[in-house]
Amino acid sequence: MIEEKPIYQRDVLEFVTVAVQYCAFLEGTEGKDRTEFLDIMSKLLPLLYLKGTLLPRYELIDEDCQLAEYVTEENYDIVRENIACIMADRDDYLDVFVEDMKYSDSPVLTTVSENLADIYQSIKNFACIYKLGVDEEMMTALSIVKEEFENEWGLKVANVMRAIHEVKYDEDDLREI
C-alpha cells in the first residue's frame with residue numbers, strides 16, 4: 001500500500017536521500033578546505049539537479065495549507081557564511097541568467113555562498129517536513145519543492161555549477177596547491 005503513494009515513489013525517495021546529503025554536508029562545512037568542498041559539491045549538485053528533474057508534478061491538494069519553515073535566518077546565515085569563508089576570494093561570480101539582466105547592459109554579480117544557501121533553505125524545509133511523516137504535508141511539500149525546482153533553485157544549481165567548475169579546474173589555483 002505504501003508503494004502506491006506518490007510520496008513513497010522511488011524517484012521521490014531518491015531525491016529525499018540526496019537532499020538530506022546536501023543539507024548535512026553544508027551544515028558540516030565549517031573548517032573544510034576549498035578543494036574538498038569543491039570536490040563534493042561538484043558531485044552533489046549535478047545529482048541534486050538530476051533527482052529534481054525526476055520528481056513528479058502534483059497539484060496542491062490544499063492550496064491554503066501553510067507548511068512550517070524550518071530554516072531560520074540564523075541557520076541560513078551560518079551556512080552562507082561558512083561557504084563564503086571556504087570560497088573566500090572566489091565566492092563572487094558573474095551571472096548572466098538572472099531576471100535583472102533583462103534591464104542591464106552588464107552581468108549581475110552573485111555569490112556561490114548565497115546561491116548554495118538559497119538551495120539549502122528550500123531543500124532543508126522540504127526534508128524536515130518529510131521527516132515528520134505526515135502524508136498530507138509531505139504531498140504538499142513535494143508539490144512545492146518541485147515548483148521551486150522549476151522556478152528557482154533548479155536554475156541556481158545550474159548557474160552555480162558553472163562557477164564551481166571554474167574554480168575547481170582553474171589552472172592557476174591548481175598550480176598553487
Side-chain angles (χ1 to χ4, degrees), residues 1-30 32 36-84 86 95 97-99 110-164:
M1 188 73 167
I2 281 182
E3 295 167 7
E4 295 175 17
K5 292 183 179 183
I7 54 178
Y8 297 112
Q9 289 179 351
R10 181 177 159 201
D11 288 338
V12 173
L13 295 178
E14 288 177 358
F15 174 77
V16 172
T17 301
V18 175
V20 168
Q21 289 175 330
Y22 176 83
C23 293
F25 178 71
L26 288 186
E27 290 165 353
T29 57
E30 187 175 4
K32 294 221 184 300
E36 178 185 3
F37 177 79
L38 294 173
D39 186 51
I40 292 172
M41 290 311 300
S42 67
K43 294 173 180 125
L44 266 177
L45 287 171
L47 190 55
L48 187 62
Y49 187 87
L50 172 64
K51 296 304 179 183
T53 65
L54 297 173
L55 286 174
R57 180 184 287 152
Y58 296 103
E59 295 299 318
L60 286 176
I61 297 168
D62 180 7
E63 293 194 23
D64 295 329
C65 179
Q66 295 294 317
L67 297 177
E69 297 279 326
Y70 290 91
V71 178
T72 65
E73 189 174 334
E74 182 182 3
N75 300 136
Y76 177 94
D77 286 340
I78 289 169
V79 167
R80 185 190 52 74
E81 289 170 14
N82 285 341
I83 297 167
I86 292 168
D95 190 354
F97 295 109
V98 292
E99 189 67 25
T110 190
T111 63
V112 170
S113 58
E114 187 172 351
N115 279 288
L116 293 180
D118 287 349
I119 296 163
Y120 165 83
Q121 183 174 26
S122 179
I123 291 172
K124 179 68 174 188
N125 284 328
F126 166 80
C128 287
I129 291 165
Y130 242 74
K131 184 177 180 182
L132 294 176
V134 178
D135 287 2
E136 295 80 24
E137 290 183 5
M138 292 165 71
M139 192 67 186
T140 300
L142 178 59
S143 296
I144 291 170
V145 82
K146 176 64 174 184
E147 183 179 323
E148 289 175 348
F149 168 77
E150 292 175 356
N151 298 318
E152 297 170 27
W153 67 263
L155 296 168
K156 290 182 181 192
V157 170
N159 290 338
V160 80
M161 281 192 312
R162 181 184 54 83
I164 286 174

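All heavy atoms count here, side chains included; hydrogens, waters and symmetry mates do not. Position 1 is the first residue of the sequence; numbering continues from there.
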Could you tell me whether Glu14 and Arg10 make a salt bridge, using a distance below 4.0 angstrom between a side-chain N and a carboxylate O?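 Answer for the salt bridge query: yes.
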
Looking at Arg80 and Glu114, is there a salt bridge between them, counting it only when a charged N and a carboxylate O are closer than 4.0 Å?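 No, this pair does not count.
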
Could you tell me whether Glu150 atom CD has more than 12 heavy atoms of other residues or ligands within 6.0 Å of it?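 Count over threshold, so yes.
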
Please report the closest heavy-atom contact between [X] and [Y], naming both atoms and the distance.
X	Y	result
Ala84	Ser113	N-CB, 3.6 Å
Lys146	Leu55	NZ-O, 3.0 Å
Leu116	Leu26	O-CD1, 3.8 Å
Asp135	Ile7	OD1-CD1, 3.4 Å
Tyr58	Pro6	OH-CB, 3.1 Å
Arg162	Asp95	NH2-CA, 4.3 Å

With rounding to the nearest 0.5 Å, note down the distance linking [atom1] in [X] to [atom2] in [Y].
X	Y	atom1	atom2	value
Ile86	Met41	CD1	CE	10.0 Å
Cys23	Gln121	SG	CD	10.5 Å
Glu36	Lys32	CD	NZ	4.5 Å
Leu13	Lys51	CG	NZ	11.0 Å
Leu67	Glu137	CG	CD	6.0 Å
Leu54	Phe15	CG	CZ	10.5 Å

Distance-only side-chain donor-acceptor flag, Asn75 / Tyr120, under 3.5 Å: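 Distance-only check fails for Asn75 and Tyr120.
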
Should Phe149 and Val157 be marked as a side chain to side chain contact (heavy atoms under 4.5 Å, CB included) after you check the CA-CA gap, both sets of side-chain angles, and the distance that decides it? CA-CA 9 Å; Phe149 168 77; Val157 170; 5.9 Å; no

Are any of the side-chain heavy atoms of [X] and [Y] separated by less than 4.5 Å?
X	Y	answer
Tyr22	Leu47	no
Phe126	Val16	yes
Thr29	Val79	no
Leu48	Ile123	yes

Backbone of Asp118 reached by a side-chain donor or acceptor of Ser122 within 3.5 Å: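 Not confirmed, Ser122 side chain does not pair with Asp118 backbone.
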
I'd like to know if the side chain of Lys156 and the backbone of Asn115 have a donor-acceptor N/O pair within less than 3.5 Å.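 No, because the side chain of Lys156 does not come within donor-acceptor range (under 3.5 Å) of the backbone of Asn115.
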
Going by side chain to side chain donor-acceptor pair (under 3.5 Å), name the pairs with one or both residues in residues 123-134, residues two or more places apart or in two chains.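 Every side chain to side chain donor-acceptor pair (under 3.5 Å) pair that includes a residue of residues 123-134, provided the two are not neighbours, is Glu27-Lys124, Glu69-Asn125.
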
